[in-house]
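A short worksheet on the structure shown next.
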Amino acid sequence: MERQHAKLIATVSLALAAASVAAAHPDSRCTCRNRDGTKYELGQTACIRVGGASYLARCEMELNVTTWRKLRDGCPEA
């Protein structure tokens, strides 16, 4: 019985530790890069140009990997 109790406590502790890591704020060193090599921090937006088309995108984290999330077609004109 005591062994099962210890096993349960270990399992719950491991689950709580995993949840804590998943909920942690992403590392501030995580960045996205545009095709020209410019770095963007999480949350920043940029005009992405690919194959003659352009779109506005935001640097985001998905499954522990930075990625560009398309916000809309075209880019704002200055």
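We're numbering straight along the sequence, starting at 1. For the numbers below, each heavy atom of this structure counts, side chains included, while hydrogens, waters and symmetry mates do not.
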Scan the side chains in residues 47-59 for donor-acceptor partners under 3.5 Å anywhere in the protein, sequence neighbours excluded, and list what turns up.
unit_1, atom_1, unit_2, atom_2, d
Arg58, NE, Glu60, OE2, 2.8
Arg58, NH2, Glu60, OE2, 3.2

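Atoms CZ and OG1, on Arg72 and Thr45 in that order, are 9.5 Å from each other to the nearest 0.5 Å. Atom CH2 in Trp68 sits 14.5 Å away from atom CD in Glu62 (nearest 0.5 Å). Atom OH in Tyr40 sits 11.5 Å away from atom OG1 in Thr31 (nearest 0.5 Å).
In this structure a side-chain-to-backbone donor-acceptor pair under 3.5 Å is missing from Thr66 to Cys32.
With respect to the salt-bridge test (charged N to carboxylate O, under 4.0 angstrom), the residues Asp36 and Arg33 do not qualify.
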